[in-house]
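Notes to accompany the following structure.
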Amino acid sequence: MLDTTICLERFAWHASRHADLRIQSLALASEPAYVSVRNRFSTTLAETVTCSPEGNFVTSWGYRLGDTGDVESAAARLAYLLAALPA
């Protein structure tokens, strides 16, 4: 069984390595667990990401960023969507 909280912690760590991204919140005890990430230069460029039981990172609007097998690429895809510089 996939531990989505560990996956989200790893996703948050990789996302935070991008210079322009900031982790707003990491809510591991909520249902569903999620991480909120925003562009540190904008209050409107933000996204909430969850991890599905199948192992996919998914945005609040249903966009699949990638899977738990390549967390770094999934975080990079979010950085691109939020107009952030590469890590």
Side-chain angles (χ1 to χ4, degrees):
M1 186 163 140
L2 181 69
D3 187 343
T4 57
T5 59
I6 290 174
C7 294
L8 285 171
E9 285 176 331
R10 290 180 61 218
F11 183 87
W13 184 84
H14 282 286
S16 70
R17 294 186 40 93
H18 291 266
D20 295 344
L21 293 185
R22 224 176 255 121
I23 305 302
Q24 281 188 294
S25 63
L26 182 59
L28 301 177
S30 70
E31 186 55 44
Y34 66 89
V35 59
S36 292
V37 182
R38 75 173 185 91
N39 183 308
R40 69 184 181 109
F41 298 108
S42 171
T43 57
T44 57
L45 288 173
E47 189 55 68
T48 300
V49 177
T50 59
C51 184
S52 72
E54 295 80 27
N56 297 308
F57 294 107
V58 182
T59 66
S60 61
W61 45 278
Y63 181 77
R64 183 183 171 275
L65 295 168
D67 60 43
T68 57
D70 192 0
V71 181
E72 187 174 0
S73 291
R77 185 165 287 127
L78 179 65
Y80 176 79
L81 291 174
L82 295 180
L85 293 174

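Treat the numbers as computed from the prediction; the structure is a model and nothing was measured.
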Looking only at heavy atoms, the pair that brings Ala79 and His18 closest together is CB-ND1, 3.5 Å
| said: Taking Thr44's backbone N and O only, do any of them form a donor-acceptor pair with Ser42's side chain (distance below 3.5 Å, no angle check)? | reply: yes
dist Leu65:CG -> Asp70:CG (nearest 0.5 Å) comes out at 12.0 Å
Quick note, side chain to side chain donor-acceptor pair (under 3.5 Å) partners involving residues 3-12, not counting sequence neighbours, are Asp3-Thr5
side-chain contact (heavy atoms from CB on, under 4.5 Å) test vs Phe41 passes for just one of Thr43, Leu45, Asn39, namely Asn39
With heavy-atom distances below 4.5 Å as the criterion, would you say the side chains of Leu81 and Glu47 are in contact? no
Rounded to the nearest 0.5 Å, the OG1 atom of Thr68 sits from the CD1 atom of Ile6 at a distance of 11.5 Å
| Hey, any chance Leu82 and Val35 share a hydrophobic cluster, counting ILVMFWY side chains that come within less than 4.5 Å of each other, even indirectly? | yes
Closest non-hydrogen atoms of Pro53 and Leu2, given as atom of the first, atom of the second and distance, are O-CD2, 3.8 Å
Heavy atoms of Leu26 and Ala12 approach each other most closely as CD1-CB, 4.2 Å
Rounded to the nearest 0.5 angstrom, the OH-CD distance for Tyr34 and Gln24 is 9.5 Å
Self-check item: Flag side-chain contact, heavy atom, 4.5 Å: Cys7 against Phe57
Solution: yes
Distance col, row Arg64:CZ vs Asn56:CG, nearest 0.5 angstrom, shows 4.0 Å
So if you build clusters from Ile, Leu, Val, Met, Phe, Trp, Tyr with side-chain heavy-atom gaps below 4.5 Å, do Leu28 and Trp13 land together?
-> no
Looking only at heavy atoms, the pair that brings Thr48 and Ser36 closest together is OG1-OG, 3.4 Å
CG (Asp20) and CZ (Arg38) are apart, to the nearest 0.5 Å, by 11.0 Å
Between the CG atom in Asp67 and the SG atom in Cys51, the distance rounded to the nearest 0.5 Å is 9.0 Å
